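A single structure is presented below for examination.
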2 protein chains.
Amino acid sequence: MDNYIPALDVVFHALADPTRRAVIHRLGSGEATVSELAIPHNMALPSFMKHLQVLESGGLIKSHKTGRVRTCQIVPLKLAVAETWISKERAVWEGRAERLANYVENIASEKK
Amino acid sequence: MDNYIPALDVVFHALADPTRRAVIHRLGSGEATVSELAIPHNMALPSFMKHLQVLESGGLIKSHKTGRVRTCQIVPLKLAVAETWISKERAVWEGRAERLANYVENIASEKK
DNA sequence: AATATAGTTATCCATATGGCTAAGTATATG
DNA sequence: CATATACTTAGCCATATGGATAACTATATT
């Protein structure tokens with residue numbers, strides 16, 4: 001638990017569900033109301049709302065209500081944090097792979 | 001559920017836990033045995049093993065047993081799939097942001 | 001004013017998750 | 001051979017998750 005980033009628990013959990021990923025994807029092409037977002041999902045509204053709550057409390061989306069309509073939009077930051085974490089991890093083992101490649105290369109050239 | 005990638009359910013779920021992320025991080029600096037991996041985690045071994053099973057069944061790590069010792073290593077592919085998904089989503093709304101910026105810019109220049 | 005619309009709240013339910021202890025198996029080591 | 005080591009398996013438990021229905025609130029519409 002070296003450099004534990006609590007936000008990642010919540011972000012990765014949010015992304016672990018296909019309904020929620022679909023919502024993120026949909027919001028990529030612009031704001032949408034709760035009903036609009038719900039349409040493609042074969043699920044009762046309260047069930048769907050729970051997914052929106054997971055996304056919003058996790059900071060991946062935000063929403064505002066005008067009259068009786070709630071409109072949602074994406075919040076870029078958290079996705080970026082998740083991507084950065086993965087990217088850094090990959091950088092580490094890619095670094096290792098590179099060093100290993102160099103090592104193999106050195107062995108090879110020493111044999112000449 | 002347009003372009004639903006089932007692997008992502010499993011990968012993001014695996015990454016949603018700090019213990020599992022720590023294991024991924026640790027394996028970034030090379031192979032390790034189950035006991036070695038378990039040391040930093042204040043948890044009974046069977047509990048810890050469950051995390052390894054989540055990682056392995058999700059394809060994020062693999063392991064082989066020699067004698068009574070099981071050694072684990074990272075499998076790059078799944079992390080890459082997860083990073084790619086996020087990256088593509090970001091590209092979409094960054095594209096939008098860019099178009100919006102252009103639009104605003106055009107409005108501004110029309111005012112000249 | 002009456003009705004339709006768009007969420008929201010309150011429960012409920014089955015299953016999954018993340019932790020535990022106790023006991024078992026297989027391989028080293030003394 | 002006896003014992004220690006390194007997992008494994010089996011079961012238990014509390015809480016979280018993802019779904020549902022029923023009833024409610026607050027705005028539009030007619």
Side-chain angles (χ1 to χ4, degrees), chain A residues 1 4-27 30-73 78, chain B residues 1 4-27 30-73 78:
Chain A
M1 235 84 60
Y4 170 42
I5 307 167
L8 290 176
D9 292 7
V10 145
V11 173
F12 283 130
H13 171 248
L15 296 180
D17 183 278
T19 299
R20 294 192 290 260
R21 286 199 304 279
V23 168
I24 293 288
H25 183 72
R26 167 67 182 76
L27 289 178
E31 292 190 342
T33 69
V34 169
S35 329
E36 285 167 357
L37 289 172
I39 291 172
H41 302 282
N42 188 29
M43 190 181 298
L45 230 213
S47 308
F48 182 73
M49 292 281 301
K50 281 196 193 173
H51 289 294
L52 292 184
Q53 282 160 24
V54 169
L55 288 169
E56 187 153 18
S57 70
L60 286 96
I61 70 172
K62 63 179 179 176
S63 71
H64 56 97
K65 199 170 180 177
T66 308
R68 59 185 168 172
V69 176
R70 180 172 297 280
T71 304
C72 303
Q73 55 187 295
K78 295 301 173 72
Chain B
M1 233 85 61
Y4 170 41
I5 306 167
L8 289 176
D9 292 9
V10 146
V11 173
F12 283 130
H13 171 248
L15 296 180
D17 183 279
T19 300
R20 293 192 291 260
R21 285 199 305 279
V23 169
I24 292 289
H25 183 71
R26 167 66 183 75
L27 289 179
E31 293 191 340
T33 69
V34 168
S35 329
E36 285 167 359
L37 290 171
I39 291 172
H41 302 282
N42 189 27
M43 189 180 301
L45 231 214
S47 309
F48 182 73
M49 290 283 299
K50 281 195 192 175
H51 288 296
L52 292 185
Q53 281 158 27
V54 168
L55 288 169
E56 187 153 19
S57 70
L60 287 95
I61 69 171
K62 63 178 178 177
S63 71
H64 56 97
K65 201 168 180 179
T66 307
R68 59 188 166 168
V69 176
R70 179 172 297 279
T71 303
C72 302
Q73 55 187 294
K78 295 302 173 71

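Fair warning: this is a prediction, and the values are worked out from it, not measured in the lab. Computation of the quantities below employed the complete heavy-atom set of this structure, encompassing side-chain atoms and omitting hydrogens, waters and symmetry-equivalent molecules. First the proteins, then the strands, lettered A, B, ... as listed; each starts at 1.
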Euclidean distance, atom NE2 of residue A:His64 to atom P of C:dA6 [Å, nearest integer] | 16 Å
Between D:dT9 (P) and B:Met49 (CE): distance, integer Å |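 Distance, rounded to whole Å: 8 Å.
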Length of the CZ-P vector between B:Arg70 and C:dT27, whole Å |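 Atom CZ in B:Arg70 sits about 12 Å away from atom P in C:dT27.
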Between B:Thr33 and A:Thr66, which has a closest nucleotide on DNA chain D that is more 5'?
-> B:Thr33
Please say which of A:Arg70, A:Gln53, A:Glu31 ends up in a side chain to side chain donor-acceptor pair (under 3.5 Å) with A:Ser63.
-> A:Arg70
Give every pair of a protein N or O atom and an N or O atom of nucleotides 20-26 of chain D that lie under 3.5 Å apart, one pair per line with the distance.
from	atom 1	to	atom 2	distance (Å)
D:dA20	OP2	A:Ala44	N	2.8
D:dA20	OP2	A:Ser47	OG	2.8
D:dA20	N7	A:Ser47	OG	3.1

Shortest non-hydrogen contact from A:Ile61 to A:Leu52?
-> CD1-O, 3.9 Å
Which sits closer to the 5' end of DNA chain D, A:His51 or A:Val69, going by the nucleotide each is nearest to?
->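 The answer here is A:His51.
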Do A:Val11 and A:Leu60 come close enough that some side-chain heavy atom pair is under 4.5 Å?
->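 Yes, side chains in contact.
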Specify the closest pair of heavy atoms between B:Lys78 and B:Gly59, including all atoms of both residues, with the distance to one decimal.
->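 Smallest heavy-atom distance, with atoms named: CG-O, 3.3 Å.
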Considering non-hydrogen atoms only, spot the tightest contact between B:Glu36 and B:Pro40 and give its length.
->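 Smallest interatomic distance, heavy atoms only, reads O-CD, 3.7 Å.
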Atom CD of A:Gln53 and atom P of D:dG19: how far apart are they, to the nearest Å?
->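 The distance from CD of A:Gln53 to P of D:dG19 comes to 13 Å, rounded to the nearest Å.
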So, for B:Gly58 and B:Val10, which heavy atoms are closest and what is the spacing to 0.1 Å?
->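 What the structure gives for the nearest pair is CA-CG1, 3.1 Å.
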Going by the salt bridge (Lys or Arg N to Asp or Glu O under 4.0 Å) test, which pairs reach into residues 5-24 of chain B, not counting sequence neighbours?
->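 Qualifying pairs: A:Asp9-B:Arg21, A:Arg21-B:Asp9.
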By a strict heavy-atom criterion of less than 4.0 Å, which residues belonging to residues 5-17 of chain A are in contact with DNA chain C?
->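 Within this stretch, nothing sits under 4.0 Å of the strand.
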Of all the heavy-atom pairs spanning A:His41 and A:Phe48, show the shortest one and how long it is.
-> CD2-CE1, 3.4 Å
Interatomic distance where CG belongs to A:Leu55 and C1' belongs to D:dG18 [whole Å] =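 These atoms are roughly 14 Å apart.
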Euclidean distance, atom CD of residue B:Glu36 to atom P of D:dT5 [Å, nearest integer] |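 So the CD-P distance, B:Glu36 to D:dT5, works out to 16 Å.
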Heavy-atom pair of closest approach, residues B:Leu27 and B:Cys72 =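 Where B:Leu27 meets B:Cys72 most closely, the heavy atoms are CD2-O, 3.5 Å.
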